[in-house]
Amino acid sequence: MTRQLLNPKESGNRTEGEQRTLPPFQETSSSRTTPVLQLNGLTVQIQQGRRITPIVGDASFTIHPGETLALVGESGSGKSVTAGAILGLLPPSMRVTAGQIVFQGEDIAPWPVKKRRILCGGRIGYVFQDYQGSFTPFIKIGKQMIETIRSHRRLSAKQAKAVALESLDQVGLPAERVFDSYPFQLSGGQLQRAALASTMVLRPAILIADEPTTALDVLTGERVLDVMDRLKRQTGCAVLFISHDLRLVLKRADSVAVMRGGSIVEWGRMNAIRDHARHPYTQMLLKARPSLSEIQAGLVREDEDELVVACKMGGSA
Amino acid sequence: MNELLRAEGISKTYLDSGREVMAMQDVSLHIGEGECLGVVGESGSGKSTLGRLLLALERPEQGNIKFQGVSFADLRGKALHSLRRHIQVVFQDPTASLNQRLPVWRSVMEPLDNFPEVTPPFLADVRHSRRESAARLLEMVGLSREHLDRYPHELSGGQRQRVAIARGVSLNPKLLICDEPTSSLDVSVQAQILKLLKHLQTRLGMACLFISHDIAAVRMICDRIIVMKDGRIVDEFASGRIMGEDRHAYTRLLIRGAE
């Protein structure tokens, strides 16, 4: 079953050379299907007193079913605000002032808050960096999952429990034990997987993962991402993977959008970004974190001139 | 290379809600003068405990640490004070390690104020003036005079870490311990800070113990690498041998995550 779902996905991902020559929005067979999510010129502004400042400007990208799009940028680039806008979870001081958020063919940006709430957590799932905030601390994981399930699906408590247990099992956790645990009884990696189970149980069309592994160890993080990839293949949902670490997402994403100062400066297939990044900022991000094999091959030299530049940049960074 | 520091068979336990937890078990290592030794491991592997033990902030229950042949255990009072001059530290979070209420020049000068008799060669011509000394130190880390009177909150994360580094090298220590110095910074800033540390380490000829979970960063700036897991050293090798066939299975896992 998993394999059957897996195969069309992989075939959609073939020939690198061919894809590079095409702009991302015309690419692959998946463009014929309806995108799960499409941002058209999204603009978000923040109001501080009388001052209004744009924090996301004219952001556009498209995510197709079963695809992982990585949104990469450093702190303050506006990537989390973009996620907040999609989820309808922006703080009161921020507002979407222009652009569309098209979810499965319908612009949800003008929807009233109540209608957005039903979508968010249901058809649009999410996990955040702060896995401790994903659960209420003094209620057992199982009880919280049942509550989540029953607020979106018409199921009896017993049915909901069965669904929750299955979902916990799917993320590789000891289902019964985790179901009966309080959040503080689990490790960071376990909690993040429980959070994944809790959001994936509702079979979202898209999962928004905002820095899901940043607070975790490298290996624990890898395991969480492995689980995320497997769930994606099993359910065919799309993923919007938000991270500050371009190297990390290159291993997981089908396409990559690089964000800086509230704008998307480059957007393309993963291979194209990795091997032929056009924007200087993307090139800098790649260079800032060379892979071990690149370091080993001596591709990264400690250049004195470069250091001087780095020091000067430090003055304004 | 002359040996600067040697730790032999050190163990350390902590009490965690009544239970004894082995943070470090029978760890032995040495650092040569001017050498950059990397310590890689995940959280809970004991690498930060190692840092605190080598700073003499805590004492091991077993084993012995010697700095230039003198055992830590024998050091009290004045002797311990003078040891601190030679072993300095840069922590992960400069927001926590800098006093928020002091302008950065006063934070930078704290170590030198504690050791009025010390004049590092790079401050020989300005040591008479505290502000001039601070200005020189800021220049060394790529900041400028205009940052002297700023407060930590007026600086970016990378700039704050540069201030912490300026303070760390101010006494011209023989060993600088860096505990995850880039982990709380943006990727592009991380690279700059790594380069700065490497540059200072070479220029000042100081040894460095670089503690990190980021094996790529460690590979980039260290001569030799130690891998820790569950309070033990599981692997040790020269940086260039990181892809060698004799690597421990756990090291390979960490490498796989960084490729």
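Within every chain, numbering begins at 1; the chains are lettered A, B, ... in the order of the sequence lines, protein sequences first and strands thereafter.
- Neither the backbone nor the side chain of B:T202 comes within contact range of chain A, judged by heavy atoms closer than 4.5 Å.
- Proximity to chain B (any heavy atom under 4.5 Å) is shown, for A:T214, by neither the backbone nor the side chain.
- Heavy-atom neighbours of B:Q100 CD from other residues, nucleotides or ligands within 6.0 Å: above the threshold of 12.
- Counted within 6.0 Å of CZ on B:F91, heavy atoms from surrounding residues, nucleotides or ligands total 12 or fewer; the atom is thus considered open.
- Heavy-atom minimum distance, B:A216 versus A:L292: CA-CD2, 4.0 Å.
- Between B:V187 and A:H244 the shortest heavy-atom distance is CG2-O, 3.3 Å.
- For A:E74, the parts lying under 4.5 angstrom from a heavy atom of chain B are both the backbone and the side chain.
- Counting non-hydrogen atoms of other residues, nucleotides and ligands closer than 6.0 Å to CZ of B:R241 gives a total of 12 or fewer.
- At most 12 non-hydrogen atoms from other residues, nucleotides or ligands lie less than 6.0 angstrom from CZ of B:R256.
- B:S239 and A:Q296 make their closest contact through O-OE1, 4.1 Å (heavy atoms, listed as atom of the first residue, atom of the second, distance).
- Taking OG from A:S291 and CD1 from B:I255, the interatomic distance works out to 12.0 Å, rounded to the nearest 0.5 Å.
- In this structure, chain A has a heavy atom under 4.5 Å from the side chain of B:Q190, while its backbone stays farther away.
- Rounding to the nearest 0.5 Å gives a distance of 12.5 Å between CD of A:E294 and CZ of B:R219.
- When all heavy atoms of B:E42 and A:D217 are compared, the pair lying nearest together is OE2-CB, 2.8 Å.
- Taking a 6.0 Å sphere around CZ of B:R106, one finds it holds 12 or fewer heavy atoms contributed by other residues, nucleotides or ligands.
- Shortest non-hydrogen contact noted between B:S188 and A:A288 is CA-CB, 3.9 Å.
- B:I193 does not touch chain A: none of its heavy atoms, backbone or side chain, sits under 4.5 Å away.
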